[in-house]
Amino acid sequence: KIYLDIMEREGEAKLNVFNFKIIIALTVALLFLAFLKKFKDNRDFEVLLKFHLLSLILFFALSPTAMTFSLRTFELLSVLQLFLYPMILDVFNKKFRFVGFIMVIVIGLLHFYYLLEISKIFKPYASWLI
């Protein structure tokens, strides 16, 4: 309650509900849900997919209230995407497995580009000495 009051007074930026990371996460979730029968025997996949879907549900459920809570809960649970995304390879047959490799590499490069260029995590170093 206190955090929400401070947020209202200071004016927190609006959350773009369909940002880059969410669109990629939704696309991958839909891909896995479309080919769910291929993974019916893989218990690890089932747990990872449930956590992935839970992160998306919490993101959309918390987005109207507070951007920080929404993003942090999504990022906290979406760490498991590191284990889920390589399973894209299992969606395709042996003949078309290269498509899965390309998808995983492209998703990885897009996330890398997002971290470096869009979110500006790595800023030039500045110090009071220099």
Side-chain angles (χ1 to χ4, degrees):
K1 172 90 172 111
I2 293 171
Y3 177 77
L4 293 175
D5 291 339
I6 293 171
M7 182 185 73
E8 286 177 7
R9 270 188 269 132
E10 297 193 11
E12 187 177 22
K14 295 291 180 190
L15 176 64
N16 180 6
V17 179
F18 292 105
N19 63 26
F20 166 78
K21 293 173 96 174
I22 298 301
I23 291 174
I24 294 287
L26 282 172
T27 304
V28 170
L30 291 175
L31 176 74
F32 282 132
L33 289 174
F35 292 98
L36 195 57
K37 289 184 181 180
K38 285 193 173 191
F39 297 100
K40 64 181 174 185
D41 296 331
N42 191 344
R43 185 85 173 125
D44 297 332
F45 170 78
E46 183 179 330
V47 172
L48 290 172
L49 184 62
K50 285 180 181 179
F51 272 105
H52 182 66
L53 294 173
L54 180 65
S55 71
L56 287 169
I57 289 168
L58 287 175
F59 175 79
F60 287 115
L62 295 175
S63 61
T65 58
M67 177 178 75
T68 304
F69 291 145
S70 177
L71 285 174
R72 296 301 176 241
T73 55
F74 173 75
E75 290 174 356
L76 177 71
L77 293 174
S78 66
V79 169
L80 295 173
Q81 291 174 357
L82 292 172
F83 301 108
L84 187 64
Y85 285 174
M87 292 183 182
I88 291 174
L89 301 176
D90 297 332
V91 168
F92 300 98
N93 296 332
K94 297 250 186 221
K95 188 176 180 181
F96 296 106
R97 181 119 342 161
F98 70 94
V99 176
F101 277 111
I102 292 171
M103 285 179 70
V104 171
I105 289 171
V106 167
I107 289 172
L109 290 174
L110 286 173
H111 277 290
F112 188 67
Y113 175 76
Y114 177 81
L115 287 174
L116 292 178
E117 295 297 323
I118 297 173
S119 67
K120 302 283 187 200
I121 286 180
F122 297 108
K123 298 174 184 159
Y125 179 76
S127 172
W128 60 275
L129 290 174
I130 300 174

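Because only heavy atoms are used, hydrogens play no part in the values below, and waters and symmetry mates are left out as well, while side chains stay in.
Applying the ring pair (Phe, Tyr, Trp, His ring centres under 6.0 Å) rule to F51 yields no partners; only residues at least two apart in sequence or on another chain are considered.
Cluster membership for L49 and L76, using ILVMFWY side-chain heavy atoms within less than 4.5 angstrom, is not shared. Residue F39 is grouped with residue L33 when hydrophobic side chains (ILVMFWY) are merged at heavy-atom distances under 4.5 angstrom, including chains of intermediate members. Put simply, F35 and F96 are part of the same group of oily side chains (I, L, V, M, F, W, Y) that touch within less than 4.5 Å, one to the next. Note on L26 and I23: same hydrophobic cluster, where clusters join Ile, Leu, Val, Met, Phe, Trp and Tyr whose side-chain heavy atoms are under 4.5 Å apart, directly or indirectly.
With F74 as the partner, the side-chain contact (heavy atoms from CB on, under 4.5 Å) test is satisfied by one option alone out of I57, L54, I22, L58: I22.
Here the closest heavy-atom approach between residue R97 and residue F92 is recorded as NH2-O, 3.5 Å. P86 and V104 make their closest contact through CA-CG2, 4.3 Å (heavy atoms, listed as atom of the first residue, atom of the second, distance). Residues S78 and S55 come closest through the heavy atom pair N-CB, 4.2 Å. Taking both residues in full, the closest heavy atoms of F101 and L89 are given as N-CD2, 3.2 Å, listed atom of the first, atom of the second, then distance. Closest non-hydrogen pair, N93 versus K38, comes out as OD1-NZ, 3.5 Å. Smallest separation of non-hydrogen atoms from L31 and M103: CD2-CE, 3.8 Å.
Put simply, the side chain of H52 never gets that close to the backbone of L80: no donor and acceptor are under 3.5 Å apart. With N19 contributing its side chain and K21 its backbone, the two residues share a donor-acceptor pair below 3.5 Å.
Atom-to-atom distance recorded for D41:CG and D44:CG is 12.0 Å, nearest 0.5 angstrom.
Between M87 and V28, the closest side-chain pair of non-hydrogen atoms is not below 4.5 Å. With a 4.5 Å cut-off on side-chain heavy atoms, L48 and Y85 do not count as touching.
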Chi angles and distances behind the side-chain contact (heavy atoms from CB on, under 4.5 Å) call for I88, I107
CA-CA 11 Å; I88 291 174; I107 289 172; 4.0 Å; yes
Please walk me through it: do Y114 and I24 pass side-chain contact (heavy atoms from CB on, under 4.5 Å)?
CA-CA 12 Å; Y114 177 81; I24 294 287; over 6 Å; no
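Surrounding CZ of F60 are more than 12 heavy atoms belonging to other residues, nucleotides or ligands, all under 6.0 Å away.
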